[in-house]
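Just so it is clear, the values below take in all heavy atoms, side chains as well, and ignore hydrogens, waters and symmetry mates.
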Amino acid sequence: MKRKIAIAPFTLLLILLLSSTRGFSSTGKADRVLPIVTTSWLEENLTSNGLVILHISGIKLDYSNGHIPGARFLWPGYISVSTDEQSTVPAPLEELKKVLEGLGVSSNSHIVLYGIYGNLVQVCRVFVTLEHIGFRGKVSILDGGFEEWKSSGRKVTLDNPAVKRGKISPVPFENLVDAAWVLKNLENKSYSIVDARARASYEGSPGGARQGHIKGAKNLPPTDLYDNKSFLFLPAEKLKENFNKLNLKAGTQPVFYCNSGNSASVAYVASIILGYEPVVYDGSMEEWGSRLDLPMEK
């Protein structure tokens, strides 16, 4: 698998840090939307042409009890499924296409995702999957989710919007890699393997088939990415400070993994805020730790 490395220039990061908008960047690409949007931005753009807002929750009752005006309900189980080899993988492409088109999503849509009750990991997982099937640079996350929307006094509705079926022509984007790819690139200086689990798991606390982490991997715990009370992403300057601890050399591309690809999805979004072009090793430790032929260390 050949991949093109594209890291946003340092000047972009400088602009990002000096911006009065809290840590949001389009990564310098004219065709890429903001990866994170605020409640004020969303309120101002609720009726924008091509905008599709998706309310992500494990049960539809959460949506029926109130949602952002115009939002459509998306059950995360339609997007990620379990197999006999991995607990979380993207649903088959045709199924994803059918679900999203039914929600009014088209290839030119700008999709805004928001969660409820702090389910940021689920939301980021959907973000990664949507980019994977062709919506790269066309997906945003509402920072802080539904709770942030409500706490800022914005309108909540019980009404279900009228939805016109969309039309999607998938153009898959290679942001998900497998074990063979990771093994092949362990010594490749163009990439940096990053463990997005808690420090204890990275260092080898009990649990799983094998203890420790992928050989050579650096560690970026989820607590270094967002506030675990408000579920807002950390400000860009703080994210940059935490990413700097990884000592990523200029021009390298982060490859995130965790236990099953979920926390890695949060790291994926956080790195896009800073202008990186990341990928996710979807099998993560669920696969790597179970295979005795793959190198690990503590």
Mark yes or no for whether Asp143, through its side chain, and Phe233, through its backbone, hold a donor-acceptor pair below 3.5 Å. yes
For Ser263 against Ala196, the heavy-atom pair lying closest together: CB-O, 3.5 Å
Side chain proximity check, Leu93 to Ile133, heavy atoms < 4.5 angstrom: yes
Could you check whether Asp178 and Tyr281, counting side-chain N and O atoms only, form a donor-acceptor pair closer than 3.5 Å? no
Does the side chain of His67 reach to within under 4.5 Å of the side chain of Ile53, using non-hydrogen atoms? no
Could you state the interatomic distance from CG (Asn185) to OH (Tyr191), rounded to the nearest 0.5 Å? 5.5 Å
Spell out, as yes or no, whether a donor-acceptor pair under 3.5 Å connects the side chain of Arg210 to the backbone of Arg291. yes
Do you know which two heavy atoms are closest between Leu42 and Leu51, and how far apart they sit? CD1-CD2, 4.1 Å
So CZ of Arg199 and OG1 of Thr223: to nearest 0.5 Å the spacing works out to 9.5 Å
Which of these passes side chain to side chain contact (heavy atoms under 4.5 Å, CB included) with Cys258: Ser284, Pro222, Ser201? Ser284
Do Glu286 and Ser87 have side-chain heavy atoms sitting under 4.5 Å apart? yes
Between the main-chain N or O of Gly216 and the side-chain N or O of Glu297, is there a donor-acceptor pair closer than 3.5 Å? yes
Please report the closest heavy-atom contact between Ile36 and Val269, naming both atoms and the distance. CD1-CG1, 3.8 Å
Taking atom CG of Asn108 and atom CD1 of Ile168, what is their separation to the nearest 0.5 Å? 10.0 Å
Trp149 side chain reached by Glu43 side chain, heavy atoms, under 4.5 Å: yes
Residue pair Asn262 / Ser260, side-chain donor-acceptor N/O under 3.5 Å: yes
Report, as yes or no, whether the 6.0 Å neighbourhood of atom NZ on Lys245 holds more than 12 heavy atoms from other residues, nucleotides or ligands. yes
Give a yes or no on whether Val99 and Val128 share a hydrophobic cluster (residues Ile, Leu, Val, Met, Phe, Trp, Tyr; joining criterion: side-chain heavy atoms under 4.5 Å apart). yes
Would you kindly confirm whether Leu54 and Trp75 end up in one hydrophobic cluster when ILVMFWY residues are joined by side chain heavy atoms under 4.5 Å apart? yes
Does Phe146 share a hydrophobic cluster with Trp41, counting links as ILVMFWY side-chain heavy atoms below 4.5 Å and allowing steps through other members? yes
From Lys167 atom NZ to Ser107 atom OG, the distance as rounded to the nearest 0.5 Å: 8.5 Å
Is a side-chain donor or acceptor of His110 paired with a backbone partner of Lys138 at a separation under 3.5 angstrom? no
Heavy-atom side-chain proximity of Val280 to Asn175 below 4.5 angstrom: no
Quick check on the hydrophobic clustering: are Trp288 and Tyr202 connected, directly or via other members, by side-chain heavy-atom contacts under 4.5 Å? no
Between the side chain of Asp282 and the main-chain N/O of Val89, is any donor-acceptor distance below 3.5 Å? no
Does the distance from a Lys or Arg side-chain N to an Asp or Glu carboxylate O, for Lys240 and Glu237, drop under 4.0 Å? no
Test item: Glu131 side-chain N/O and Gly137 main-chain N/O as donor-acceptor pair under 3.5 Å: yes
Between Val255 and Val177, the two heavy atoms sitting closest are CG1-CG2, 4.2 Å
Which is it for Phe243 and Leu225 under the side-chain contact (heavy atoms from CB on, under 4.5 Å) test, yes or no, and what are the steps along the way? CA-CA 9 Å; Phe243 267 78; Leu225 304 172; 4.0 Å; yes
Could you tell me which non-hydrogen atom of Ile272 sits nearest to which non-hydrogen atom of Pro278, and how far apart they are? CG1-CD, 3.7 Å
Ser265 side, atom OG; Phe256 side, atom CZ - distance, nearest 0.5 Å: 10.5 Å
Within a 6.0 Å radius of atom CD on Glu187, are there more than 12 heavy atoms belonging to other residues, nucleotides or ligands? no
List the steps and the verdict of salt bridge (charged side-chain N to carboxylate O under 4.0 Å, His left out) for Lys238 and Glu241. CA-CA 5 Å; Lys238 183 61 178 177; Glu241 178 184 324; 3.2 Å; yes
I'd like to know if the side chain of Arg72 and the backbone of Gly70 have a donor-acceptor N/O pair within less than 3.5 Å. yes
Are any side-chain N or O atoms of Ser57 and backbone N or O atoms of Lys60, one a donor and one an acceptor, separated by less than 3.5 Å? no
Could you tell me whether a side-chain N or O of Tyr257 sits under 3.5 Å from a main-chain N or O of Ile214, the two making a donor and an acceptor? yes
Does atom CG of Asn244 have more than 12 heavy-atom neighbours from other groups under 6.0 Å away? yes
Please test Lys249 against Lys189 for side-chain contact (heavy atoms from CB on, under 4.5 Å), starting from the C-alpha separation and ending with a verdict. CA-CA 9 Å; Lys249 294 182 179 179; Lys189 301 303 181 183; 5.7 Å; no
Minimum side-chain heavy-atom gap Leu100-Leu130 below 4.5 Å: yes
Hey, mind stepping through Lys97 and Glu94 against side-chain contact (heavy atoms from CB on, under 4.5 Å) and telling me if it holds? CA-CA 5 Å; Lys97 182 176 181 293; Glu94 282 304 311; 4.1 Å; yes
Nearest-0.5 Å distance that lies between atom CD1 in Ile116 and atom CD1 in Ile59: 8.5 Å
Any non-hydrogen side-chain atom of His213 less than 4.5 Å from a side-chain atom of Asn219? no
Report the relative orientation of the aromatic rings in Tyr63 and Phe73; use parallel for angles under 30°, tilted for 30 to 60°, perpendicular for over 60°. tilted
What about Leu46 and Leu34, same hydrophobic cluster or not, with Ile/Leu/Val/Met/Phe/Trp/Tyr joined at side-chain heavy-atom distances under 4.5 Å? yes
Kindly indicate whether the side chain of Arg125, heavy atoms from C-beta on, has any atom under 4.5 Å from the side chain of Pro90. yes
Walk me through whether His55 and Ile68 qualify under side-chain contact (heavy atoms from CB on, under 4.5 Å). CA-CA 8 Å; His55 175 118; Ile68 294 173; over 6 Å; no
Any idea which heavy atoms bring Gly166 and Ser106 closest together, and the distance? CA-OG, 3.3 Å
Just by distance, do the side chain of Glu148 and the backbone of Ser230 share a donor-acceptor pair under 3.5 Å? no
